[in-house]
Amino acid sequence: MVTPERVVRTTCPYCGVGCTLDLHLQGDLIYRVTSPFDSPVNHGNLCVKGRFGYDFIYNPQRVTVPLIRKTPPTPGHRTPAADLSEWREASWEEALDYVADRLTAIYQRDGSDAMAIYCCAKATNEDNYLAQKLYRSLFRTNNVDHCTRLCHAGSVVALLKSLGTSAQSNTAAEVIKNDVFIITGSNTSENHPIIALQMKAAVRDHGAKLIVIDPRRIELCDFATLWLPLKPGTNVVVFSAMAHVIVKEELVNTEFVEARTEGFQEYIRSLDKFTPEYAEAVSGVDRNLIIEAARMYATAKNGAIYWGMGISQLSTGTASALGLIHLALLTGHIGREGTGLNPLRGQNNVQGASDAGAMPFHYPGYMEVDKEENARQWEQAWNVEPGGLSRKRGLTTTEILSNARPGGIRALYIMGENPMMTEPNLNVTRHHMEQLEFLVAQDIFINESGAYADVFLPAAAWAEKDGTFTNTDRRVQRVRAALAPRGQARPDREILCDLARRIEARLGRPAARTAGWDYAGPEAIFREMANVATMLKGVTYARIDRLGLQYPVPDENHPGTPFLFSETFPSGKGRFFPLEHVPAAELPDDEYPFILTTGRLLEHWHGGTLTRHSQLDELYPEARVDVHELDAARLGFKSGDVVRVRSRRGQVVLRLNVSPKTSPGVVFIPMHFAEAAVNLLTIDVLDPQAKIPEFKACAVTIEVARVEDLPNPEALTNRGRY
Ligand SMILES: Nc1nc2c(c(=O)[nH]1)N[C@H]1C(S)=C(S)[C@@H](COP(=O)(O)OP(=O)(O)OC[C@H]3O[C@@H](n4cnc5c(=O)[nH]c(N)nc54)[C@H](O)[C@@H]3O)O[C@H]1N2
Ligand SMILES: Nc1nc2c(c(=O)[nH]1)N[C@H]1C(S)=C(S)[C@@H](COP(=O)(O)OP(=O)(O)OC[C@H]3O[C@@H](n4cnc5c(=O)[nH]c(N)nc54)[C@H](O)[C@@H]3O)O[C@H]1N2
Ligand code: SF4
Ligand SMILES: [Mo]
């Protein structure tokens with residue numbers, strides 16, 4: 001075995017589990033990744049992405065010099081650059097001056113409402129804090145959001161409404177303390193693999209009972225006592241029917257309901273219609289399974305619920321999450337170890353980016369932007385004149401793009417996102433992108449969205465920078481630079497500070513009137529945030545040097561908070577909300593007879609920018625549509641056949657895979673492949689409260705296609721063109 005020259009401890013850049021990584025280096029080459037056995041998060045285990053997915057940082061297609069488009073795109077007719085020949089290299093000085101000039105000019109002409117930024121759930125807390133500070137303090141706008149809007153927005157809104165806070169209530173590793181746990185709308189084995197390992201151990205070694213509620217036969221069904229295969233988009237009915245059974249059979253924890261909840265009487269009246277029979281008719285789940293699941297969860301000593309995108313990514317996302325919250329409130333399975341409401345957070349730092357204020361309604365620490373006293377506190381922290389910060393709630397991710405037009409959003413700054421792959425209904429998204437007057441992309445690669453930009457700013461990747469990520473169970477952990485940034489790439493935080501100083505100078509704000517941008521290092525940035533966002537006050541880099549700390553950490557002696565709500569909820573009492581069943585916006589019919597659901601694969605990441613530039617791509621190199629064997633047989637298809645999948649909005653051509661994972665009438669396409677971009681098909685209806693798109697249900701048809709119709713990935717993806 002090679003003896004490492006150095007081992008650098010850091011945190012995995014992929015998912016919200018937040019596994020501890022030891023990067024083994026010879027010079028600047030990471031040649032091996034291991035994990036310490038004493039990590040409380042992953043106990044030495046890593047999934048394939050953590051262990052082998054780091055090599056994208058060395059990919060020759062990575063862009064490591066600032067680039068400017070040779071011919072600036074025309075607003076209204078913006079097109080993506082076909083390849084690198086449409087860009088020219090620039091110095092950092094020139095590129096940042098250019099960005100500062102253009103942004104300032106648009107702001108001075110059109111005002112705050114013309115400006116917007118997408119922050120980055122892959123970047124650090126410090127990076128995201130600075131991005132929102134720049135837009136709030138200099139451009140005076142709350143048009144600041146990130147991919148959380150496409151992700152757990154429904155869960156966040158529901159938890160805030162009912163309990164007053166949105167984070168995962170309990171530590172993931174507590175799953176072995178559950179007697180009964182529900183996993184719903186989460187394909188945990190592929191998307192939070194190390195938490196799934198602990199879930200399997202809970203069943204196998206600790207005798208816990210698992211209930212899976214999911215339209216697909218996910219791997220964890222092999223470990224489940226009950227599997228409720230509901231039709232996509234019918235969560236509210238199934239969860240409400242479970243509540244109906246719990247009430248009818250007098251399994252309610254009345255002591256808990258009386259002491260810690262409100263709205264119960266009105267809520268139980270709304271349950272009358274949700275009989276198991278009705279739920280069976282709507283969701284397709286056998287009524288007896290619903291009754292059994294309700295009894296099992298309600299009578300557990302410690303029950304817990306874990307959920308993912310199958311709950312939130314629907315036009316009924318908020319209602320679906322409320323349905324789960326109700327089950328916990330009815331039974332009192334919350335506020336103790338081994339219980340809880342656990343929305344598994346997706347990106348490595350989506351929790352942290354939200355905490356750091358990369359949100360249109362909240363400053364860092366979930367302080368609402370439209371509350372006067374909050375604005376005052378941040379004005380003081382940032383040295384902004386009283387009344388200077390905007391009190392108006394900003395636009396969300398989806399609204400920012402759909403408002404791109406003269407009189408609306410004119411300039412967009414994308415720090416590490418890829419809307420041209422990850423927004424719904426891409427043909428419409430493209431139209432919105434075309435409208436922008438100025439677009440900056442700050443990323444590691446030129447992704448499908450970066451190709452539209454005027455300027456590309458090369459960012460350092462996670463292994464090249466210092467800072468913190470916050471994982472799904474609120475654990476703030478260190479990220480450490482193991483090697484120098486490739487080429488001229490720079491950490492996001494440095495790019496943002498350099499840009500902010502230039503914009504300040506152009507705006508001519510007297511220095512005393514503006515926020516400072518000279519930090520001694522990332523910890524100074526963290527301190528500035530934590531001094532106001534008090535839930536993080538007790539977190540210091542020294543304290544999290546070896547192990548992370550789970551917030552709230554109100555002071556430097558506080559040990560952190562493994563589970564929330566032991567005494568009260570931040571809202572005081574937990575609130576019930578009567579719910580209605582609202583079907584998915586687009587149901588299958590004769591013309592489009594299948595329900596399309598979309599999601600993820602173990603080996604890949606979202607738009608594929610990272611994993612398709614990694615050796616992981618060899619493990620799953622092409623897009624496939626999963627179809628149930630009954631449907632395949634009926635249509636005369638077998639695995640490997642080339643098909644065209646069409647919706648009312650677009651089409652893709654890809655190979656078919658007969659899969660036992662899906663159910664009759666439901667087909668699945670992963671979101672990772674640009675050459676068969678599933679968001680060409682998805683529908684852009686939004687949950688009215690959370691503004692999250694309905695990624696999990698739309699209607700499609702499947703037709704015969706020829707091998708010649710298969711797109712050439714090298715020609716169609718940015719991987720091939722750049
Ligand atoms: N390998 C890998 N891991 C990832 C990611 C990745 O891209 N790749 N992304 C990360 C991110 S940002 C996120 S948000 C998480 C997401 O993690 P998950 O939430 O596990 O993501 P999805 O693959 O979207 O799977 C959602 C599950 O919901 C089910 N489902 C679909 N419709 C319904 C419905 O109507 N009701 C119910 N109850 N279930 C339904 C699907 O069958 C599927 O099992 O994963 C994170 N981890
Ligand atoms: N159909 C369908 N669509 C979906 C979903 C679905 O289930 N189905 N899921 C939705 C969900 S849950 C999510 S979270 C979104 C994800 O949506 P996005 O966030 O748009 O997707 P990513 O592909 O993760 O884009 C991250 C980008 O950040 C860059 N990056 C990585 N590290 C850094 C860094 O340190 N600094 C900078 N500046 N850039 C960096 C990467 O190269 C990549 O280009 O997709 C959503 N879209
Ligand atoms: S489970 Fe998530 S955090 Fe852990 S190694 Fe895999 S991708 Fe990384
Ligand atoms: Mo996500």
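Below, each value reflects all heavy atoms present in this structure, side chains not excepted, and no hydrogens, waters or symmetry copies.
Residues Thr422 and Phe695 approach most closely at O-CZ, 3.2 Å, considering heavy atoms. When all heavy atoms are compared, the tightest approach of Ala482 to Leu23 is CB-CD1, 3.8 Å. Heavy-atom minimum distance, Ala90 versus Ile68: CB-CD1, 3.8 Å. Across Asn59 and Gln61, no two heavy atoms sit closer than the pair OD1-N, 2.7 Å. What you find for Asn170 and Arg474 is that their closest heavy atoms are N-NH2, 4.2 Å. Minimum heavy-atom separation, Ile692 to Ser312: CG2-O, 3.2 Å.
In this structure, the side chains of Val532 and Met367 come closer than 4.5 Å at one or more pairs of heavy atoms. Taking 4.5 Å as the limit, some side-chain heavy atom of Leu67 sits within range of a side-chain heavy atom of Glu89. Side-chain contact check for Arg486 versus Arg62: some heavy-atom pair is nearer than 4.5 Å. Using a 4.5 Å heavy-atom cutoff, the side chains of Thr171 and Arg475 are in contact. Counting heavy atoms from C-beta outward, Leu549 and Gln477 have side chains that stay 4.5 Å or more apart. Val476 places a side-chain heavy atom less than 4.5 Å from the side chain of Phe526. Here the side chains of Leu602 and Val48 are in contact, with some heavy-atom distance below 4.5 Å. Put simply, the side chain of Thr188 reaches to within 4.5 Å of the side chain of Met199, judged on heavy atoms.
Residues Tyr118 and Asn418 bring no donor and acceptor atom of their side chains to less than 3.5 Å of each other. In the model, Gln132 has no side-chain atom that pairs as donor or acceptor with a side-chain atom of Asn128 under 3.5 Å. With 3.5 Å as the limit, one finds a donor-acceptor pair spanning the side chains of Asn125 and Thr470. Counted by atom type alone, Tyr98 and Glu93 present zero donor-acceptor pairs between their side chains at under 3.5 Å. In the model, Glu528 has a side-chain atom that pairs as donor or acceptor with a side-chain atom of Tyr519 under 3.5 Å. In summary, the side chains of His604 and Thr611 do present a donor paired with an acceptor at a separation below 3.5 Å, with no hydrogens or angles considered. Looking at His192 and Arg345, their side chains never bring a donor and an acceptor atom within 3.5 Å of each other.
The side chain to side chain contact (heavy atoms under 4.5 Å, CB included) test with Gln550 singles out one residue from Pro40, Pro562, Pro559, and that residue is Pro562. With Cys120 as the partner, the side chain to side chain contact (heavy atoms under 4.5 Å, CB included) test is satisfied by one option alone out of Gln442, Met415, Gln347: Met415.
Judged by distance alone, with hydrogens and angles left aside, the side-chain atoms of Asn348 form no donor-acceptor pair with the main-chain N or O of Cys15 at under 3.5 Å. When atom types are taken as modelled, the side chain of Gln198 and the backbone of Val41 share a donor-acceptor pair closer than 3.5 angstrom. Under a 3.5 Å cut-off, the side chain of Thr472 and the backbone N or O of Gly16 do not form any donor-acceptor pair. Gln488 places no side-chain N or O within donor-acceptor distance of the main-chain N or O of Val65, the cut-off being under 3.5 Å. Side-chain atoms of Asn342 never come within 3.5 Å of backbone atoms of Gln168 as a donor-acceptor pair (strictly under, hydrogens ignored).
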Open item on the list: Assess the residue pair Tyr58 and Leu29 against the criterion (side chain to side chain contact (heavy atoms under 4.5 Å, CB included)); give the C-alpha distance rounded to whole Å, side-chain angles, the decisive distance to 0.1 Å, and a yes or no.
Closed with: CA-CA 9 Å; Tyr58 302 111; Leu29 184 73; 4.1 Å; yes
Task: Working for side chain to side chain contact (heavy atoms under 4.5 Å, CB included), residues Tyr14 and Leu616 - done: CA-CA 13 Å; Tyr14 283 103; Leu616 292 170; 4.2 Å; yes
- [ ] Could you please spell out the steps behind the side-chain hydrogen bond (donor to acceptor under 3.5 Å, both in side chains) verdict for Arg136 and Asn142?
- [x] CA-CA 6 Å; Arg136 292 198 155 110; Asn142 289 311; 2.6 Å; yes
Open item on the list: Run the side chain to side chain contact (heavy atoms under 4.5 Å, CB included) test on Val553 and Arg543 for me, step by step, so that the C-alpha distance in whole Å, both residues' side-chain angles and the decisive distance to 0.1 Å come before the verdict.
Closed with: CA-CA 11 Å; Val553 193; Arg543 289 191 75 195; 3.6 Å; yes
TODO: Might you work through the side chain to side chain contact (heavy atoms under 4.5 Å, CB included) test for Leu130 and Cys497, ending with a clear yes or no?
DONE: CA-CA 8 Å; Leu130 291 180; Cys497 286; 3.7 Å; yes
Task: Pair Asp145-Thr396, side-chain hydrogen bond (donor to acceptor under 3.5 Å, both in side chains): steps then yes or no - done: CA-CA 6 Å; Asp145 205 359; Thr396 61; 4.7 Å; no
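Interatomic distance, CG of Leu341 versus OG1 of Thr165, reported as 11.5 Å (0.5 Å rounding). Summarising the geometry, atom CG belonging to Asp22 is positioned 4.0 Å from atom CZ belonging to Arg9; distances are rounded to the nearest 0.5 Å. In this structure, Asp355 CG and Asn349 CG are separated by 8.0 Å, a value rounded to the nearest 0.5 Å. Remark: Ser189 OG to Glu219 CD distance equals 4.0 Å, nearest 0.5 Å. To the nearest 0.5 Å, atom CG of residue Leu25 and atom CZ of residue Arg6 are 4.5 Å apart. Within the model, atoms CG of Asp617 and CD of Glu622 stand 10.5 Å from one another, a figure rounded to the nearest 0.5 Å.
Salt-bridge annotation for Asp518 and Arg501: present, with a side-chain N of the basic residue lying under 4.0 Å from a carboxylate O of the acidic one. For the pair Glu126 and Arg527, the salt-bridge criterion is not met [side-chain N within less than 4.0 Å of a carboxylate O]. Under a 4.0 Å N-O distance rule, the pair Lys200/Asp222 does not qualify as a salt bridge. By the 4.0 Å N-to-carboxylate-O rule, Glu190 lies too far from Lys49 to be salt-bridged with it. In summary, Lys122 and Asp127 do not engage in a salt bridge, as defined by a charged side-chain N under 4.0 Å from a carboxylate O. Note on Arg480 versus Asp545: salt bridge recorded, some NZ/NE/NH1/NH2 to OD/OE distance being below 4.0 Å. Note on Asp555 versus Lys537: no salt bridge recorded, every NZ/NE/NH1/NH2 to OD/OE distance being 4.0 Å or above.
Because its NZ or CZ atom is both nearer than 6.0 Å to the ring centre of Trp517 and within 45° of the ring axis, Lys133 counts as a cation-pi partner of that residue. A cation-pi arrangement is present between Arg149 and Phe361, with the terminal nitrogen or guanidinium carbon under 6.0 Å from the aromatic centre and inside a 45° cone about the axis. Taking the ring centre of Trp92 as origin, the terminal cationic atom of Arg490 falls inside the region bounded by 6.0 Å and 45° from the ring axis.
Taking the six-membered ring wherever Trp is involved, the centroid distance between the rings of His43 and Phe37 does not fall below 6.0 Å. Taking the centre of each ring, Tyr620 and His672 stay at or above the 6.0 Å mark.
Taking the six-membered ring where the residue is Trp, His24 and Tyr31 present perpendicular rings, their angle passing 60° and hence far from 30°. Between Phe139 and Tyr135, the ring-plane angle classifies as perpendicular under the 30° and 60° cut-offs. The aromatic rings of Phe56 and Trp462 lie tilted to each other, with the angle between the two planes from 30° to 60°.
With a 6.0 Å radius and a threshold of 12 heavy atoms from other residues, nucleotides or ligands, Arg546 has its CZ atom at or below the threshold.
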